[in-house]
Amino acid sequence: MMQFGNAAWGLRETPLEEQLKLTSAMGLRLLELSIAGYDKDYLQTEATPGQIAEVRELFSRYGIALDCACTGNDFTGDDADLQLSKVKTVIDICGKLGVKALRIFAGFQSDSIVIGARFDRMLECLAAAAEYARPSGVVLAVETHGGVTSNGDALVHFASVTTRIDTWCEILKTGVSINYDPANLAAVGATDPVVFYDLFKESIPYVHLKDFRSVPGGVLPAACGEGRLDWKSLMEALRNYSGPALIEYELPGDIEDGLRRSLKFLNDHEVR
């Protein structure tokens, strides 16, 4: 069975202790901790030993496993060296927290420009981050995430190196694993999410679950089961997956209701 929990992004406006209270009240025991991924995150890159100890105590107090964390980075831009330094700092924090898996990104640039030297530098950064994380036992999980832009009131997702099967074959050689987000793959539309999972399931220790609904000009975030994702096929594919499956309802305005709707849908449709 999947280990359901809450992902960080939709909770970005919610103070950490309130995130923990909500996760516990939902009967869940996993919460993805965002570290220096958003300006309101409790832990930033300059986190003190006291702050790190406080986070450990908070998770323990609410009975939530401190297994999964995430940060924000982009190795496909012109500041890849600076981004690598940041990721290494977050890895250090994860080691002190006892985090098992850190979700990172390869980058958000269009796959059409991440070629040649830019692609090679991205791979070098991923390999360096994976090597740096190894002594602390932190697994790096790179999210399947396209680039995102807005089109009026809608979001438009476009292809990146992590929404393509061929480039993933190269990315995995760096020693990272995959944070599988099927809704992101479906939003780009170039790679079938179930086909992707079947190809790479041995390299997937970390899953995000969410949905997008179609609107004129693009998509908008939705609770699980309330959008256009083929959940019947997806849940069948995930039948034997037993790792973290974190609910990533992306709208802070009704985050508790959206997470609860998603959890109910997942519990009702999980294939056992």
Problem set entry | Residues Asp78 and Arg118 bridged, charged N to O under 4.0 Å | yes
For this session: Considering non-hydrogen atoms only, spot the tightest contact between Val138 and Val99 and give its length.
Result: CG2-O, 3.6 Å
For this session: Just do the side chain to side chain contact (heavy atoms under 4.5 Å, CB included) check on Asn73 and Leu84 with the steps written out, would you?
Result: CA-CA 8 Å; Asn73 67 284; Leu84 178 59; over 6 Å; no
Problem set entry | Glu270/Arg272 ion pair, N-O < 4.0 Å | yes
For this session: Return the set of residues passing salt bridge (charged side-chain N to carboxylate O under 4.0 Å, His left out) with Lys201 (not counting sequence neighbours), or none when no residue passes.
Result: none
For this session: Take Asp230 and Ser233 through the test side chain to side chain donor-acceptor pair (under 3.5 Å) and record every step on the way to the result.
Result: CA-CA 6 Å; Asp230 179 0; Ser233 297; 2.8 Å; yes
For this session: For Asn6, check side chain to side chain donor-acceptor pair (under 3.5 Å) against everything at least two apart and list the hits.
Result: Thr23
For this session: Would you confirm whether Ser24, through its side chain, and Lys21, through its main-chain N or O, come within 3.5 Å as a donor-acceptor pair?
Result: no
For this session: Please identify each residue that fulfils side chain to side chain donor-acceptor pair (under 3.5 Å) with Glu17, with sequence neighbours left out.
Result: Arg61, Tyr62
Exercise. Taking the side chain from Thr45 and the backbone from Val90, do they hold a donor-acceptor pair closer than 3.5 Å?
Worked result: no
Seminar exercise, completed: By side chain to side chain donor-acceptor pair (under 3.5 Å), Tyr180 pairs with (sequence neighbours left out) none
Problem set entry | Glu32 side chain vs Ala8 backbone, donor-acceptor pair below 3.5 Å | yes
Seminar exercise, completed: d(Cys70 SG, Asp41 CG) to nearest 0.5 Å is 7.0 Å
Exercise. For the residue pair Tyr241 and Pro244, what are the closest heavy atoms and their distance?
Worked result: OH-O, 2.6 Å
Problem set entry | Ion pair Asp268/Lys264, N-O distance below 4.0 Å | yes
For this session: Supply the atom-to-atom distance Leu16 CG to Leu33 CG, rounded to the nearest 0.5 angstrom.
Result: 6.0 Å
Exercise. Which value, rounded to the nearest 0.5 Å, describes the distance between Thr162 atom OG1 and Asp181 atom CG?
Worked result: 10.0 Å
Exercise. Can you check whether Thr167's main-chain N or O pairs, donor with acceptor, with Glu170's side chain at less than 3.5 Å?
Worked result: no
Exercise. Who pairs with Thr14 by side chain to side chain contact (heavy atoms under 4.5 Å, CB included), at least two apart in sequence or on another chain?
Worked result: Leu11, Glu18, Gln19, Ile255
For this session: Decide side chain to side chain contact (heavy atoms under 4.5 Å, CB included) for Val114 and Phe75; before the verdict, give the C-alpha distance in whole Å, the side-chain angles of both, and the deciding distance to 0.1 Å.
Result: CA-CA 10 Å; Val114 183; Phe75 291 151; over 6 Å; no
Exercise. Is the side chain of Arg103 donor-acceptor paired with the backbone N or O of Ser34 at a distance under 3.5 Å, no angle test?
Worked result: no
Problem set entry | Heavy-atom closest pair, residues Asp74 and Gly77 | OD1-N, 3.6 Å
Problem set entry | Shared hydrophobic cluster for Ile165 and Val142 (ILVMFWY, side-chain gaps under 4.5 Å) | yes
Seminar exercise, completed: Residues at least two apart in sequence or cross-chain that pass ring pair (Phe, Tyr, Trp, His ring centres under 6.0 Å) with His208, listed by chain then number, are Tyr206
For this session: Count the heavy atoms belonging to other residues, nucleotides or ligands that lie under 6.0 Å from CG of Asp153, then report whether that count exceeds 12.
Result: no
For this session: Starting from the C-alpha separation in whole Å, work towards a yes-or-no answer on side chain to side chain contact (heavy atoms under 4.5 Å, CB included) for Val156 and Val148.
Result: CA-CA 6 Å; Val156 177; Val148 183; over 6 Å; no
Exercise. What pairs with Phe265 under ring pair (Phe, Tyr, Trp, His ring centres under 6.0 Å), at least two apart in sequence or on another chain?
Worked result: Trp231, His269
Exercise. Partners of Asp79 by salt bridge (charged side-chain N to carboxylate O under 4.0 Å, His left out), sequence neighbours excluded?
Worked result: none
Exercise. Are side-chain heavy atoms of Leu185 and Val188 found at a separation under 4.5 Å?
Worked result: no
For this session: Output the distance between atom CD1 (Ile113) and atom CZ (Phe119), rounded to the nearest 0.5 Å.
Result: 13.5 Å
Problem set entry | Residue pair Leu209 / Leu246, side-chain heavy-atom distance below 4.5 Å | no
Exercise. With side chains defined as the heavy atoms from C-beta onward, is the minimum distance between Leu220 and Phe212 less than 4.5 Å?
Worked result: no
Exercise. Is the shortest heavy-atom distance from the side chain of Glu143 to the side chain of Asn184 under 4.5 Å?
Worked result: yes
Exercise. Is Val176 linked to Leu123 within one hydrophobic cluster, defined over Ile, Leu, Val, Met, Phe, Trp and Tyr using a side-chain heavy-atom separation of less than 4.5 Å?
Worked result: yes
Exercise. Are the side chains of Leu43 and Leu97 in touch, meaning some heavy atoms are under 4.5 Å apart?
Worked result: yes
For this session: Could you walk me through whether Leu259 and Asp257 pass side chain to side chain contact (heavy atoms under 4.5 Å, CB included), step by step?
Result: CA-CA 6 Å; Leu259 289 173; Asp257 188 56; over 6 Å; no
Exercise. Taking atom CD1 of Ile35 and atom OG1 of Thr89, what is their separation to the nearest 0.5 Å?
Worked result: 11.0 Å
For this session: Apply salt bridge (charged side-chain N to carboxylate O under 4.0 Å, His left out) to Arg29 and list each qualifying residue two or more places apart in sequence or on a separate chain.
Result: none
Exercise. Does NZ belonging to Lys86 count more than 12 external heavy atoms closer than 6.0 Å?
Worked result: yes
For this session: Take Arg260 and Glu256, measure what salt bridge (charged side-chain N to carboxylate O under 4.0 Å, His left out) needs, and give me the verdict at the end.
Result: CA-CA 6 Å; Arg260 288 186 179 277; Glu256 179 172 357; 3.1 Å; yes
For this session: Specify the closest pair of heavy atoms between Ser136 and Ile91, including all atoms of both residues, with the distance to one decimal.
Result: OG-CG2, 4.0 Å
For this session: Please confirm whether the backbone N or O of Thr163 pairs with a side-chain atom of Thr191, one donor and one acceptor, at under 3.5 Å?
Result: yes
For residues 221-228, please give each side-chain donor-acceptor pair under 3.5 Å, one per line with the distance, not counting sequence neighbours.
unit_1 : atom_1 : unit_2 : atom_2 : d
Glu226 : OE1    : Arg261 : NH2    : 3.1
Glu226 : OE2    : Arg261 : NE     : 2.8
Arg228 : NH1    : Ser214 : OG     : 3.3

Exercise. Sequence neighbours excluded, which residues qualify as side chain to side chain donor-acceptor pair (under 3.5 Å) partners of Arg164?
Worked result: Asp111, Asp166
Exercise. Would a hydrophobic clustering, with Ile, Leu, Val, Met, Phe, Trp and Tyr connected at side-chain separations under 4.5 Å, put Val194 with Leu199?
Worked result: no
Problem set entry | Distance (rounded to the nearest 0.5 Å) between Gln83 CD and Ile104 CD1 | 10.5 Å
Exercise. Looking at Leu31 and Ile64, what are the two nearest heavy atoms and their distance?
Worked result: N-CG2, 3.6 Å
Exercise. Residues two or more places apart in sequence or in another chain: which of them pass ring pair (Phe, Tyr, Trp, His ring centres under 6.0 Å) with Tyr38?
Worked result: Trp9
Exercise. So, Asp211 versus Tyr249: side-chain donor-acceptor pair below 3.5 Å or not?
Worked result: no
Problem set entry | Heavy-atom closest contact (Ser177 atom, Val139 atom, distance) | OG-CG1, 3.4 Å
Exercise. Can you tell me if Arg239 uses its side chain to pair, donor with acceptor, with the backbone of Met1 under 3.5 Å?
Worked result: no
